Structure formats: C-alpha cells, structure tokens
Amino acid sequence: MIDYKKELNPNQYEAVINTQGAQLVIAGAGSGKTRTLVYKVAYLVENGLMPSEILLLTFSRKASQEMMDRAAEILDKRCMNVSGGTFHSFANQVLRKYGRVLGYSSNFSIIDRADAEEIINLIRGELKLNKKERNFPKKGTVLNIISKSNNTGKSFLEIIENEYPQFIDEEEVITKLSSMYSKYKQANNLMDYDDLLINLLKLLKNEDVIRTTLSDQYKYVMVDEYQDTNIIQAEITCLIASVNQNITAVGDDAQSIYSFRGANFKNIMMFPKIFKECKIVKLEQNYRSTQPILNFTNEIIKNAKEKYCKQLYSEIESSTLPTILSAFDVYDQAKIITKKIEKFTEQGVPLNKIAVLFRSAYHSNELEVELKGNHIPYDKYGGLKFTESSHIKDLVSLLKVIHNHSDFISWVRILKWFPGLGEKTAIKLATDITTIGINELISSKFSKKKFYERINELHKLIINLSEEKDKLTNITSKAVKYYKGFFKELYDDYRRRSNDLETIKELSDKYSSLEVFLTDITLDPPQISSKQTNSENLVLSTIHSAKGLEWDIVFIISVNNGYMPDNRSFSSQEDLEEERRLFYVASTRAKNELIISYLQTGNSRRYSAYLEEDATFAPSMFLTEIEELEEIANKEESENSSESKYFHKLPDKLAEKAKVSKKFMESIESYFQNY
DNA sequence: TGACGAGGTGATTCG
DNA sequence: CACCTCGTCA
C-alpha cells in the first residue's frame, strides 16, 4: 500500500487521485510532473485497472519506459505492462493490426526522413525539376513544406507564402510532386512519420468499430508533454478517449519547443473546452532548482510575448548565482568550459551530474575536440543519429532489401556500391528489379552485362538471407560481411566507421524479427554509436534532446544572437518566441549551478542576412533584455590571454574612426585584387 | 551520356 | 559532415 498523501504535495495528490473524467495538469518545469504521472500509473493499477487498460502516451519511448519502471518500483511488476510509447509507436501498433482497412498490408515499412527525401529526389528527377537553371526547392525543403502542411493543416500556398516566398511560383509543381510522393508510398506499402499519425487519425475518424473498440479498451488515457502535440495528435487523443473520457493531459505552455513539427500549445487551451467539466490542476512548486536559478529563468520567460501566468517558486536556498561568462571565440569557450568541468570533477562532482547544452548539434564541435584532448569521456545526444550516418544507411538498405525484395530506394543505394555503377544505372537496374522482378531479370534479358556476375551473387545472398529463419544476428553478420567487401573502397575513413557495423550486429541481437528490428530503429533511432556508453560520462546534448532531464550543473554554450536564438528564427516573432522558450527549457534543467557562456567574436554572417547590415556579433537578446541581469547573475570575463579584451561591440567613441578605416580598406581593395 | 573526384559551402531542432 | 557544382574522362 502506498501512502499517496505522504509522498505527494496537495496538488500532485489531487492530480493523482482524480481518476474520473478529464483533467488538465499544468506542470511547471521541475514541478514533479513525472513523479505525478508515475504515482498515477501506480494508483490506477492499485485500484483495479488492468495495465493493458491504461494508455500512457509520451514524447519519447525512453520517457514512457522510465515511468513504467519507476511505477513498477513503487508498486509492483504489473506496471511494466501498461500500454504506451510515443504517438508514432502507438500508431505503428494499431496500423499493423488494422492498416489493411486503409489499403496497407500489415508488413508495411516505415521510412525515415532520408528515405523520404530520396523518394522526393527521384520524383523531382522524373519531373525534370533538377535542372540548375530552375531554382526549384531542394528535396529537404520540399519535404518540409509537405510535412508542415500535413501537421498543421495549412495549405501549401499558405506555407510557401509565409516561409518560402521565393518559391511562390512553384506551388503547383510542389502540389504535383506531393501527390506523386503519396502515390509512390501507397504503391510500395510505405509510411513516413506523418503517415503514421495521419493514418491512425483516419482509422479513428472513419472506422466506428475500430475507434469504439480501442477507446473502450483504454479505460484511462494519459498524455505527457501535451504542449508539444500537434493538431493531429490532439484529435487522436480525443478520439482514443471518446468512450470512457477518462483522461489526463499534462503540459507546460512555457516549454513548447516543437512548433517546427506542427506542435501547437493552443492544444492545452483547447483541452478544457473539448472535455466539459475538465478539472485543471496547477503544479507550481519547483523541486529541482535553487531559488537563484529560478529567479533567472523566471526573468527569461517574463519577457515572453504570450504567456500564461504561472510563477515558479522553490524552497531550495542557495547563495550561488547563475554565472554568465564571455569567451573570446569558440575555441576559447571550449577551453574555458573544459577547465571548469575539470575543476568540478576535482571537487568531487561526478561527470554524469554535469551537462553541456546547445542550440544545434554542431555547436559543440570545438568543445568535443577539447574534451577528447583532455580525456574527458562524454555522451552526445541530438544531431546526427547513428542510423543517419551513411555507412549505417548502406547496411540498413541491404537489410531492407532482404526484408522487402522490391524496396526500390534501398536497391538504388546498394547497387551504387559496385565500382563504375552510378546513380543513373542504379535507377535503371532497380526499376527493372522492382517491376520485372529480379529472378526474371537474372534469368533472361540482362542489359548491363558488365554487372551481371556481381548482381547474381548479391541476389543469391539476398535470397539466402531472407530464408534464414534462425537468429537475426546470423542475417546481420552475413550482411555485414558482404558489405565489408565494398566498405573500404567507399570510405577513406572506414576504420572509424567499422565499429558501428559491429554495433548493428549487437543491436540486432535482441530481436528475432527483421521487420520489428527495422521498424524499431526507424521509430526510435539509437543516439550514440558506441554501445559501451555508460551513465558515468559527461553529457553533451542539444536542448531539444535535454527535454525533461536534469543535472546538478548545467552549461549552456554559444548563447549569442545567431546561435541561440538561431539565425533562421529572426524572420518571425513566433519563431523567436519559441527560441526563448527553448532557452527557458535549457536553463530550467539546472539543479544547483547554471553557467551560461557567450562568444565575443564569431561569424556575424550567420545572421546578418536577417538583420540590419551593420549588425555586430552580440550576446543573445535573451540575456541583454534582462534588466536586472547584474543582480541575478555573476558575470565573468574570459581569463584567456589578452585576446579577451576584444570588444564585441564597438565603443561609441571609435565609431567615426571605424568608418574612416573601413573606407580606406575598401579603397585599396582593388589593388590587391589585381595584384 | 554518365561516372566520379575535387572543392566549396553551409549547417536547426525530432519521431 | 553532407550536399551541390563543376570539370574531366571513358
């Protein structure tokens, strides 16, 4: 028996024991949101619900797994069997079962972003849109437009007008391309990430039997991170709860950071309107950070243009203020941060209690070099995933072809391994293979004699491996062995990459079905390449990937205009507001110490396109706009050499002289050009 | 016509 | 690091 009243504060307690009808929990950063959900799972199970009758939808698979583990710890093992996962993985489960209704067979494949881009590229080539005279959007851009339209319900025209006005004349062609893309996926039994959600919604909307069956099964529905759901997910949520209407949505409007994926925190505001008599509970006490850190984070969010009143407070006192330090440049910053980390470890702080956060994955490049040089082990989250590196995509393509012999995109990729066989020939051969069939191709008319032997050999291997019924590692091992025959020719740095091939073998070890393995690595791509990652290491992470996590000491680096906020966000107020929330999320990860660093010098070209011409490289507006900064944070200059005296902003008295100097420089430019 | 290496460039963020 | 473009060669 768990004493819920003792374990939880009054608001958390209320959120847990209220199990009838709809409930919205507005949970500020660090307010024990996860704890509340964990206890709620336990409470529901303890009070007689079958674990399978509870649906727990979370933002990442890891998050739901963790919650179930913790619930199992405080109650018992039954909590492990709660239904749950991400919206995407839930959609996958449902569609494997009922996808037939929509014309998919149950063994449909899920394509990742790279596959989707390849298909777009292919169609673009077919439509002869890749001519360089024509300034047609790149494949990634096309996919962004399509995906945004899917996830927001906005028309292509609207999106192009707002975000890509230079392509306004291409709207018609993009529409054409998009419909060909859909047809391609249908014809090949493929779904992309958006299709999973769209198709699930379609099922729930159009099929009364399926909707009723499912929503009857789930007696209680819980959705975490509701501020980061998009309109499709919100509708799915409502329909899945439509029979019993017992539902808890948890979220924080101040932490909405996924609008690029169509997330809309207005879902939170809509929720109580959709479910009548919805109870609203606010969790405002922060159990994570010290009061000085909260003073700082409250200031960040205070400047938000659209906000919903909520003032976080903490009972954790501390005399340590957040630190703001300025570094000369990225290299200087890398050195300073590394030194500080070393100092902390000397004081006995374990490395895994420290994290370095940044806006974009590549912002940590220089720091990573410095850390390696000083033998500080780290794990990096965010950015390129393991499965997105090109040698892993190679290998996975082979596995995909073994699973589905007419996977066109993967065939193209594999065929290009053969020396002398490029894009065009690969497309021709792959077309033949997937239309005529490889058996027929091999046995009869084969136009490209040159490659006959090699393709025949490859074909035999594929047939062989797709009949392999034993262990999945047998398949992956043989696939790796075959691939290694090309590997060294394909990559100069094959040594560095070669470990990853072993990792794929190890990853596949846990699986018995190739289909499940391929689905899993697409829906939940492993982040880190070295499998021996352990929790002892320092954490480097993008802010997005740090969501929901916490560390004793948090560094946020490169907090400059152009980096944080990212240069692209300067074009719209809304994007800028999201960047602010991002900075807020980053800062609220810190428990005891928050250290923010900005650069004095850098590449102002990064964002000058969006600002007035003479914009200088400057600390983030999110720092400079805080008026009481001096009182709530300590400032530190880089101790590094005399370089640190560099001014990031030209003193007024030098402005006139700077003009003279610049003019002179420009006047002599031609001499040197013609030199 | 197609393959392919060299060289430049510019980087969101995630399922 | 991945993508794009360009020049060269078969």
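The shown structure was predicted, so the numbers you read here are calculated from the model rather than taken from an experiment. Below, chain A is the first sequence line, B the second, and so on; all start at residue 1.
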Assign [X] to base, sugar-phosphate, or nothing according to its heavy-atom contacts below 4.0 angstrom with the strands shown.
X         : result
Leu384(A) : sugar-phosphate
Asp524(A) : nothing
Phe87(A)  : nothing
Gly140(A) : nothing

**Request:** Could you pull out all residues at least two apart from Ser508(A) that satisfy side chain to side chain donor-acceptor pair (under 3.5 Å)?
**Result:** Thr476(A)
**Request:** Ignoring hydrogens and angles, answer whether the base of dT13(B) and the side-chain atoms of Arg261(A) contain a donor-acceptor pair closer than 3.5 Å.
**Result:** no
**Prompt:** Donor-acceptor pair under 3.5 Å: do we get one between Arg359(A)'s side chain and the base of dT12(B)?
**Reply:** yes
Provide, to the nearest angstrom, the distance between the [atom1] atom belonging to [X] and the [atom2] atom belonging to [N].
X         : N       : atom1 : atom2 : result
Phe59(A)  : dT13(B) : CZ    : P     : 14 Å
Tyr563(A) : dT13(B) : OH    : C1'   : 17 Å
Glu577(A) : dT13(B) : CD    : P     : 21 Å
Phe90(A)  : dG15(B) : CZ    : C1'   : 16 Å
Glu388(A) : dA11(B) : CD    : C1'   : 14 Å
Ile392(A) : dA2(C)  : CD1   : P     : 12 Å
Asn150(A) : dG15(B) : CG    : P     : 18 Å
His363(A) : dT12(B) : NE2   : C1'   : 8 Å

**Message:** Can you pull out every salt bridge (charged side-chain N to carboxylate O under 4.0 Å, His left out) where at least one residue sits in residues 228-238 of chain A? Sequence neighbours excluded, please.
**Reply:**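 Applying salt bridge (charged side-chain N to carboxylate O under 4.0 Å, His left out) to every pair that reaches into residues 228-238 of chain A, excluding sequence neighbours, yields Lys205(A)-Glu235(A), Asp228(A)-Lys547(A).
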Who are the salt bridge (charged side-chain N to carboxylate O under 4.0 Å, His left out) partners of [X], not counting sequence neighbours?
X         : result
Asp112(A) : none
Arg413(A) : Asp394(A)
Lys139(A) : Glu118(A)
Glu502(A) : Lys484(A), Lys505(A)

**Message:** Go through it in stages, so that I can follow the logic: the residues are Asp192(A) and Lys185(A), the test is salt bridge (charged side-chain N to carboxylate O under 4.0 Å, His left out), and I'd like the CA-CA distance, side-chain angles, deciding distance and then a yes or no.
**Reply:** CA-CA 8 Å; Asp192(A) 63 18; Lys185(A) 286 181 295 182; 3.2 Å; yes
**Prompt:** Parallel, tilted or perpendicular for His391(A) and Phe487(A), by the 30°/60° rule?
**Reply:**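 Because their plane-to-plane angle lies in the 30° to 60° range, the rings of His391(A) and Phe487(A) count as tilted.
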**Request:** Anything under 30° is parallel, anything over 60° is perpendicular, the rest tilted; go ahead and classify Phe260(A) against His544(A).
**Result:** perpendicular
**Message:** If stacking means aromatic ring centre less than 5.5 angstrom from the base's six-membered ring centre, planes under 30°, is Phe260(A) stacked on dT12(B)?
**Reply:** no
Shortest side-chain distance from [X], nucleotide among [options]:
X         : options                   : value
Ser389(A) : dG15(B), dA2(C), dC3(C)   : dA2(C)
Lys385(A) : dT13(B), dC14(B), dC3(C)  : dC14(B)
Thr86(A)  : dG15(B), dA11(B), dC14(B) : dG15(B)

**Asked** Which letter, B, S or -, goes with each nucleotide of nucleotides 1-7 of chain B from 5' to 3', with contact meaning a protein heavy atom under 4.0 Å?
**Response** -SSS---
**Request:** List in numerical order all residues of residues 538-545 of chain A for which some heavy atom is under 4.0 Å away from an atom belonging to DNA chain B.
**Result:**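 Heavy-atom cutoff 4.0 Å gives Thr542(A), His544(A), Ser545(A).
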**Request:** Name all residues meeting the ring-ring contact (aromatic ring centres under 6.0 Å, His included) criterion together with Tyr511(A); count only those two or more places apart in sequence or in a different chain, and write none if there are none.
**Result:**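 Tyr511(A) satisfies ring-ring contact (aromatic ring centres under 6.0 Å, His included) with Phe517(A) once adjacent residues are dropped.
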**Asked** Lys547(A) side chain N/O closer than 4.0 Å to the phosphate oxygens (OP1, OP2) of dC14(B)?
**Response**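 Answer is no, no contact under 4.0 Å.
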